*Asks:* 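Pasting a structure here, questions to come.
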Amino acid sequence: MPLKDQSEFINFLMEQNKTALAHNEKLIAQNEELIAQNEELTKTVSELTEKIEELTKKISELTEQKNKNSNNSSKPPSSDGLKKPNKDRSLREKTNKKQGGQQDHSASNLVVTDKPTCIEKIILSKCQACSMWEKCKESACEGKRRSVIDIEIKKTITEYCSLEITCPMDNQKLKGEFPETVKGRYSYGNTIAAFLVALNTVGAVSTDRIKEIVGSIFDLPIGKGTIVNMVSRFSEKVKPVLEVIKNRIQNSPTAHFDETGSRVDGKTRWIHDASTFLYTYLHYSQKRGFKGMEDADVLPNFKGIATS
């Protein structure tokens with residue numbers, strides 16, 4: 001190969017080598033950048049793994065705490081709220097018998113001791129068209145009896161009219177005085193008031209539902225505010241009785257104190273109970289525990305032995 005050609009070939013190889021070196025340096029820089037990114041990602045993965053483990057542990061603790069109740073922990077029954085744990089309270093041993101009344105068992109039937117309001121005598125309809133009916137009727141004897149018990153729902157309206165007279169002695173106009181309970185143009189009697197209060201308190205029926213029931217059965221429009229006022233008036237009337245009950249429990253040698261949860265407008269409220277063998281005092285409170293018992297004002301003044 002001529003010297004000139006060799007020199008050109010060497011120059012060509014040197015240029016190729018420079019190009020290769022530059023490309024190699026570029027690859028080395030990219031590799032270092034990828035290594036740095038990999039280290040950063042590895043660090044991030046490690047941090048996320050620790051965070052996941054921490055959150056998993058927290059979820060496990062919260063789940064365990066949520067599932068605790070008075071049946072599987074030392075928590076009191078009152079802390080269960082309205083979600084009572086399922087317990088098989090039956091003490092009877094399981095048998096192969098079917099549910100319901102067993103064969104040859106002694107039946108317990110409805111027994112009514114009240115005298116019947118009316119008596120309907122029944123005879124075959126074909127006998128009434130017979131020519132011998134009048135004669136047979138005289139010799140007919142009573143057979144089996146069956147009774148139908150029902151109630152009569154009846155709305156009554158008593159109107160009071162105040163009479164006015166002019167006294168002949170002094171020429172003054174005198175008016176008859178309305179009874180103390182008849183204050184407005186229209187008012188509700190004691191019977192329906194007691195019925196509505198019983199529905200709301202003993203029956204735990206809402207004022208909206210009571211309004212529907214009274215409207216459909218008695219055709220009587222009544223407002224929710226009226227029902228609330230009736231309950232308030234009745235509560236005022238029973239206050240002296242409640243004070244007597246509270247006093248009897250406070251002076252008792254032993255008494256039972258407890259609380260139970262109840263849902264009111266979507267929130268848990270508490271009914272605090274103080275009772276003896278003869279008396280029971282219930283107090284509604286937004287607080288549970290000692291604060292609620294303190295508001296009930298029975299336990300703070302109790303000097304005997306308290307049980308729960």
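Just so it is clear, the model here is predicted, and its values are computed rather than measured. Worth knowing before you read on, the calculation uses all heavy atoms, side chains too, and leaves out hydrogens, waters and symmetry mates.
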*Asks:* What I'd like to find out is whether the side chain of Tyr279 reaches to under 4.5 Å of the side chain of Val244, using heavy atoms alone.
*Replies:* no
*Asks:* For Asn31, does the CG atom sit with more than 12 other heavy atoms under 6.0 Å from it, leaving out its own atoms?
*Replies:* yes
*Asks:* Quick one: does any side-chain atom of Thr307 pair with a main-chain N or O of Ala255 as donor and acceptor, under 3.5 Å?
*Replies:* yes
*Asks:* Any donor-acceptor pair under 3.5 Å linking the side chain of Asn247 with the backbone of Glu243?
*Replies:* no
*Asks:* If we check side-chain contact (heavy atoms from CB on, under 4.5 Å) with Val205, which of these qualifies: Ile210, Ile227, Asn200?
*Replies:* Ile210
*Asks:* Counting only heavy atoms not in Glu177, do more than 12 sit closer than 6.0 Å to its CD atom?
*Replies:* no
*Asks:* Please indicate whether Ile305 has more than 12 foreign heavy atoms, meaning atoms of other residues, nucleotides or ligands, lying under 6.0 Å from its CD1.
*Replies:* no
*Asks:* Please report the interatomic distance OG1(Thr156) to NZ(Lys154), rounded to the nearest 0.5 Å.
*Replies:* 7.5 Å
*Asks:* What are the two closest heavy atoms between Tyr281 and Ala296, and how far apart are they?
*Replies:* CE2-O, 3.8 Å
*Asks:* Can you classify the ring geometry of Phe195 versus Phe218 as parallel (below 30°), tilted (30 to 60°) or perpendicular (above 60°)?
*Replies:* perpendicular
*Asks:* State the NZ-CD distance between Lys66 and Glu64, to the nearest 0.5 angstrom.
*Replies:* 13.0 Å
*Asks:* Are the side chain of His272 and the backbone N or O of Lys287 linked by a donor-acceptor pair below 3.5 Å?
*Replies:* yes
*Asks:* Compute whether any side-chain donor of one residue and acceptor of the other, for Arg263 and Thr268, lie under 3.5 angstrom apart.
*Replies:* yes
*Asks:* Within a 6.0 Å radius of atom CD on Gln65, are there more than 12 heavy atoms belonging to other residues, nucleotides or ligands?
*Replies:* no
*Asks:* Any side-chain to backbone donor/acceptor pair from Thr56 onto Ile52? Under 3.5 Å, distance only.
*Replies:* yes
*Asks:* Take atom CG in Asn24; do more than 12 heavy atoms of anything else shown fall under 6.0 Å from it?
*Replies:* yes
*Asks:* Please determine whether side chain to side chain contact (heavy atoms under 4.5 Å, CB included) holds for the pair Thr260 and Asp273, giving the CA-CA distance in whole Å, both sets of side-chain angles, and the decisive distance to 0.1 Å.
*Replies:* CA-CA 8 Å; Thr260 184; Asp273 162 69; over 6 Å; no
*Asks:* Once rounded to the nearest 0.5 Å, what's the spacing between atom CD1 of Ile222 and atom CD1 of Ile213?
*Replies:* 12.0 Å
*Asks:* Just how far is it from atom CZ of Arg233 to atom OG of Ser235, taken to the nearest 0.5 Å?
*Replies:* 10.0 Å
*Asks:* I'd like to know whether CD of Glu61 has more than 12 heavy-atom contacts from other residues, nucleotides or ligands below 6.0 angstrom.
*Replies:* yes
*Asks:* NE2 of His283 to CD1 of Ile271: how many Å apart, nearest 0.5 Å?
*Replies:* 9.0 Å
*Asks:* If you compare all heavy atoms of Asp297 against all heavy atoms of Lys246, which two are closest, and at what distance to 0.1 Å?
*Replies:* O-CD, 3.5 Å
*Asks:* Atom OG of Ser275 and atom CD1 of Ile245: how far apart are they, to the nearest 0.5 Å?
*Replies:* 11.5 Å
*Asks:* Heavy atoms, side chains only, cut-off 4.5 Å: are Tyr188 and Leu220 in contact?
*Replies:* yes
*Asks:* Does a salt bridge link Glu54 with Lys57, judged by any charged N lying under 4.0 Å from a carboxylate O?
*Replies:* no
*Asks:* Considering non-hydrogen atoms only, spot the tightest contact between Ser285 and Gly292 and give its length.
*Replies:* OG-CA, 3.9 Å
*Asks:* Ignoring hydrogens and geometry, is there a side-chain-to-backbone donor-acceptor pair from Ser46 to Thr42 under 3.5 Å?
*Replies:* no
*Asks:* Below 4.0 angstrom, N of the basic side chain to O of the carboxylate: do Arg288 and Glu259 qualify?
*Replies:* yes
*Asks:* I'd like to know if the side chain of Thr49 and the backbone of Val45 have a donor-acceptor N/O pair within less than 3.5 Å.
*Replies:* yes
*Asks:* Check this for me, if you would: do Lys43 and Glu40 make a salt bridge, where the nitrogen-to-carboxylate-oxygen distance has to be below 4.0 angstrom?
*Replies:* no
*Asks:* Assess whether atom NZ of Lys51 is packed by more than 12 heavy atoms of other residues, nucleotides or ligands within 6.0 Å.
*Replies:* no
*Asks:* What closest approach, in Å, do Ala274 and Ile249 show between heavy atoms, and which atom pair accounts for it?
*Replies:* O-CD1, 3.2 Å
*Asks:* Spell out, as yes or no, whether a donor-acceptor pair under 3.5 Å connects the side chain of Asn67 to the backbone of Thr63.
*Replies:* yes
*Asks:* Please check if atom CG in Asn171 has more than 12 non-hydrogen atoms from other residues, nucleotides or ligands closer than 6.0 Å.
*Replies:* no
